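Take a look at the structure set out below.
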Amino acid sequence: GIIRRFNGIRVASHEAGWKDQVTVEVKNDSGMLWKGDCAVSAAGTFSGEFPLSASAGLGQYMVLVDECQTSPDNPLKIEHFRLPTFRVSCSMDQWNHVGGTMARGRVEVRYFSGEPAGGAEVEVSLDKREPAVQTFVTTDAQGVATFEVPVPAVSQDRECWVLATAMDASGESTSDSVSFHSRAAPFQLNLRAEPETVFEKSPVRIRVKAAGWDGKPVIGATVSVGGVARAEVTNDEGVAFVTHSGIAATGSQRLNVTAT
């Protein structure tokens, strides 16, 4: 700590020899945790340490110096401490990505003993500057899971962060983060499936609108959808329609649309 004289208006500089030692008390409403004397240096500073008993009560403690209140009011807080159950490690398959594509990564969860944590649920999310992006993966017997997150389409190159969080049975969570580079896209795409719900193996028409970052339509862009050989070209409004031959399975499906 640091001690200074205060006359009610201003704090005076320390005078060597003003105090050789101070009495320090650490306590709260439950009683005294520690009391002892600490030597004061020529610069008006002091320090001390004391053993913390296993029976010490939890909560906030105030520190008094020569019976005077200190700042901050409650500089000491005692809480239960435990090591987290898991150790989480997160990595990306590659650093550079183009906006609008998918970034793939890998998360590994192990116990502090070094053994793999199989069956651990991991929440994977993109940094808070992006629209809400959140997915959950479960580790295999080796404590490993892979994930995909959409790369945000940006008008300027930017570093993005992925956060992977695993929670143990007691509610303790452990996280790791990793970054990747999102390269600026020449324009942005707006996609809509028509209709959004179809029967299995039915064709799906996708409306694609290409626009520059200034909002103006991109005319003559070549648009294609994954798994379909035929490509279409955007019209004067920057719009093209591409058709996928049919969804092979029920449930939500992801189609990759590319425009050049």
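Values in this document were obtained by computation on a predicted structure and should not be read as measured data. Numbering of residues begins at 1 and proceeds along the displayed sequence. The figures that follow rest on heavy atoms only: side chains count, while hydrogens, waters and symmetry mates do not.
Across every non-hydrogen atom of Pro152 and Leu126, the tightest pair is CD-CD2, 4.1 Å. In terms of heavy atoms, Ser179 sits closest to Met92 at O-CG, 3.9 Å. Closest non-hydrogen pair, Arg183 versus Val98, comes out as NH2-CG2, 2.9 Å. Closest non-hydrogen pair, Val65 versus Val24, comes out as CG2-CG2, 4.5 Å. In terms of heavy-atom proximity, Gln142 sits nearest to Asp140 at N-OD1, 2.9 Å. Of all non-hydrogen atoms in Val63 and Val26, the two that sit nearest each other are CG2-CG2, 4.2 Å.
In this structure, CD1 in Ile78 is found 5.0 Å from CG in Leu33, a value given to the nearest 0.5 Å. Atom OG1 of Thr165 sits about 9.5 Å away from atom CD of Gln134, to the nearest 0.5 Å. Within the model, atoms CE of Met167 and OG of Ser175 stand 8.5 Å from one another, a figure rounded to the nearest 0.5 Å. With rounding to the nearest 0.5 angstrom, the CD atom of Glu148 is 10.0 Å from the OG1 atom of Thr101. Phe50 contributes atom CZ, which lies 10.0 Å from atom SG of Cys38 (distance to the nearest 0.5 angstrom). Note: Ser182 OG to Trp95 CH2 = 10.5 Å, rounded to the nearest 0.5 Å.
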Review point. Going through the distances and angles, do Val40 and Ile3 end up as a side-chain contact (heavy atoms from CB on, under 4.5 Å)?
Key: CA-CA 9 Å; Val40 178; Ile3 57 172; 3.9 Å; yes
Practice item. Test Val107 against Val88 for side-chain contact (heavy atoms from CB on, under 4.5 Å), laying out the working first. Key: CA-CA 7 Å; Val107 60; Val88 179; 3.8 Å; yes
Practice item. Apply side-chain contact (heavy atoms from CB on, under 4.5 Å) to the pair Gln60 and Asn28, showing each step before the final yes or no. Key: CA-CA 7 Å; Gln60 300 275 0; Asn28 63 10; over 6 Å; no
Practice item. Show your reasoning for whether side-chain contact (heavy atoms from CB on, under 4.5 Å) applies to Glu108 and Arg110. Key: CA-CA 7 Å; Glu108 183 176 5; Arg110 289 186 173 273; 2.7 Å; yes
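Between Thr135 and Glu123 there is no side-chain heavy-atom pair separated by less than 4.5 Å. The shortest distance between side-chain heavy atoms of Phe136 and Val122 does not fall below 4.5 Å. Contact of the Leu191 side chain with the Arg207 side chain is not registered, since no non-hydrogen atoms from C-beta on lie closer than 4.5 Å. Contact annotation: the side chain of Ile2 never approaches that of Phe46 to less than 4.5 Å [non-hydrogen atoms, C-beta and beyond]. Counting heavy atoms from C-beta outward, Tyr61 and Met32 have side chains that stay 4.5 Å or more apart. For the pair Val208 and Val242, the minimum side-chain heavy-atom distance is below 4.5 Å. Annotation: side chain of Leu163 is not in contact with side chain of Asp176 (no heavy-atom distance under 4.5 Å). A 4.5 Å side-chain heavy-atom check between Arg87 and Thr174 finds every atom pair outside the cut-off.
No donor-acceptor distance shorter than 3.5 angstrom exists from the side chain of Asp66 to the backbone of Cys68, with no hydrogens or angles considered. At least one donor-acceptor pair closer than 3.5 Å links the side chain of Thr139 to the backbone N or O of Ala120. A donor-acceptor contact shorter than 3.5 Å is absent between the side chain of Glu237 and the backbone of Val239. With hydrogens and angles disregarded, a donor-acceptor distance shorter than 3.5 Å links the side chain of Thr234 to the backbone of Val218.
Within 6.0 Å of atom CD in Glu49, 12 or fewer heavy atoms from other residues, nucleotides or ligands are found, so the atom counts as exposed in its surroundings. For Glu67, the CD atom sits in a loose shell: 12 or fewer heavy atoms of surrounding residues, nucleotides or ligands are nearer than 6.0 Å.
Residues Leu76 and Trp34 fall within the same hydrophobic cluster, defined by Ile, Leu, Val, Met, Phe, Trp and Tyr side chains chained together at heavy-atom separations under 4.5 Å.
Thr138 and Glu121 form no side-chain donor-acceptor contact under 3.5 Å, judged by distance and modelled atom types alone.
Aromatic ring pairs are classed by plane angle as parallel below 30°, tilted from 30° to 60° and perpendicular above 60°; the pair Tyr111 and Phe86 is tilted.
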